[in-house]
Amino acid sequence: MAERLSLQLTLPSHSSPVASASKNSISPKSMAATVFGTAAAAASSASSTTRLLSSATRATLSFSSRSPSLLSRSSSSSSFNFLRSSPLISHLFLNQGGPSSCVSNRGFSAASNPKCLASDPEQLKSAREDIKQLLKTTFCHPILVRLGWHDAGTYNKDIEEWPQRGGANGSLRFDVELGHGANAGLVNALKLIEPIKKKYSNVTYADLFQLASATAIEEAGGPKIPMKYGRMDVVGPEQCPEEGRLPDAGPPSPAAHLRDVFYRMGLNDKEIVALSGAHTLGRARPERSGWGKPETKYTKDGPGAPGGQSWTAQWLKFDNSYFKDIKERTDEELLVLPTDAVLFEDPAFKVYAEKYVEDQEAFFKDYAEAHAKLSNLGAKFDPPEGIVLDDASSKPAGEKFEAAKYSYGKRELSDSMKQKIREEYEAFGGSPDKPLPTNYFLNIIVVIAVLAILTSLLGN
């Protein structure tokens, strides 16, 4: 969908340097951006870096961003300018391993640490907080969404073997996949999250890509994605999928093309339409993707490098405005691709598109489920059941405190008063939701005392 980013990383050899894989040639079709990924097209550049890890170990990393994808979106942030001028990063992706990496990095032997998960849960939580800070400073939500989508979107349900089946396995970090036309510009997303990967070496690339994508949706105002982690990484460029598994932006038969690509992943019409709604984020640049205007009133001031054409007016806010704008098509400043327009032209797609125009809550629900399903495609989990991050937002919510039950008349209690009432009840072992236990003996004494007083008064 918008810009795609792929990066090739060669796994360090224990005895000799590993040369980065040669780049694939890009056909005109491959230059088309997919409807699959909402990210901002960042400046494409080619660079390579090498760093000696030791006298016997060396890793070579090659960055390549050639033909921009037709649907490439530019969510470049205010910090993207530094990506154009900064020195080459010389120590990317030093920890590429799966389960074995956590043994060596933590200094535990196999005997003392027989069970080592693909990703460390605590590091995943910390990495998520760092991603949130990155989003606040760079506004890179669209390109991070696209990063996760393009790593997972190569999945083929008809292939059983891992990693030949593709999917969310971290292969997008290798140059051979980064060079795919649909992934143009995603090198900038890898540059953005590389410091986080270096800091949290016991998080796999497959998990980091999906963590960044889901966090970007949530931080842009979208729904909470029911994610799980523990994805294992592929270890070499020879395990990358062939080019051509991701969607194009302007195929001759948009509906048929979308179904060919997404059905191959095991997704249905509802999920196709819901995922397309992520185009509410990002923008496209004609000089990189062949689509969109050089500048509109919505993009001329950024954030980030100005320019490009967005699908929505507020292209860093996740809501259902994409469907409204695509249906109305009254604003020439907004982008409508053939794969966008077909959502209201194809009868089966239109049912869901119309529903999402009217009901944002339904869109959020369906989108969250589709995004989570997509992020798990083709993944190999360790542990097999995956890792769920425990946080306040994922815990079941308690019974809602309704102040009306404890207010006088129609006057609403303030939040501070609600809390005070609750604290006072809880101090005596109760709560506003249920009365305190009754002390029948005390009640009888009180009744007798009241009757005695009344009798005395009447007698006088």
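Counting from 1, the numbers follow the sequence of the chain as shown. These numbers come from the heavy atoms of this one structure, side chains and all, not from hydrogens, waters or symmetry mates. Please read all numbers here as calculations on a predicted model, not as lab measurements.
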Test item: Ser375 side-chain N/O and Ala372 main-chain N/O as donor-acceptor pair under 3.5 Å:
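Pair found, side chain donor or acceptor close to backbone of Ala372.
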
Taking Asp382 for the side chain and Gly230 for the main chain, is one N or O donor matched with an acceptor at less than 3.5 Å?
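Judged by distance alone, no pair lies under 3.5 Å.
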
Would Arg128 pass as a cation-pi partner of Tyr200, given that its NZ or CZ must be under 6.0 Å from the six-membered ring centre and within 45 degrees of the axis?
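Judged by the rule (NZ or CZ under 6.0 Å from the ring centre, within 45° of its axis), Arg128 is not positioned above Tyr200.
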
Side-chain donor/acceptor pairs under 3.5 Å, residues 292-306, sequence neighbours excluded:
unit_1, atom_1, unit_2, atom_2, d
Lys293, NZ, Glu332, O, 2.9
Thr296, OG1, Tyr298, N, 3.2
Thr296, OG1, Thr299, N, 3.4
Thr296, OG1, Thr299, OG1, 3.3
Tyr298, OH, Asp331, OD2, 2.5
Thr299, OG1, Thr296, N, 3.1
Thr299, OG1, Gly308, O, 2.6

Check [Y] with [X], please: is the shortest side-chain N to carboxylate O separation under 4.0 Å?
| X | Y | result |
| --- | --- | --- |
| Asp151 | Arg231 | no |
| Glu129 | Lys132 | yes |
| Lys125 | Glu122 | yes |
| Glu369 | Lys365 | yes |
| Lys327 | Glu354 | yes |

Please step through side-chain contact (heavy atoms from CB on, under 4.5 Å) for the pair Thr204 and Phe209, ending with a clear verdict.
CA-CA 9 Å; Thr204 63; Phe209 294 165; over 6 Å; no

Do Tyr263 and Asp269 meet the criterion of a side-chain donor-acceptor pair at a distance under 3.5 Å?
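Yes - a donor-acceptor pair under 3.5 Å links their side chains.
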
Ring centre gap for Tyr356 and Tyr367 strictly below 6.0 Å:
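Between Tyr356 and Tyr367, the centre distance exceeds or equals 6.0 Å.
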
For residues Tyr352 and Phe323, establish whether the separation of their ring centroids is below 6.0 Å.
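When the ring centroids of Tyr352 and Phe323 are compared, they turn out to be at least 6.0 Å apart.
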
When His279 is tested against each of Leu343, Thr312, Val145, Asp340 for side-chain contact (heavy atoms from CB on, under 4.5 Å), which residue passes?
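Among Leu343, Thr312, Val145, Asp340, the one meeting side-chain contact (heavy atoms from CB on, under 4.5 Å) with His279 is Asp340.
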
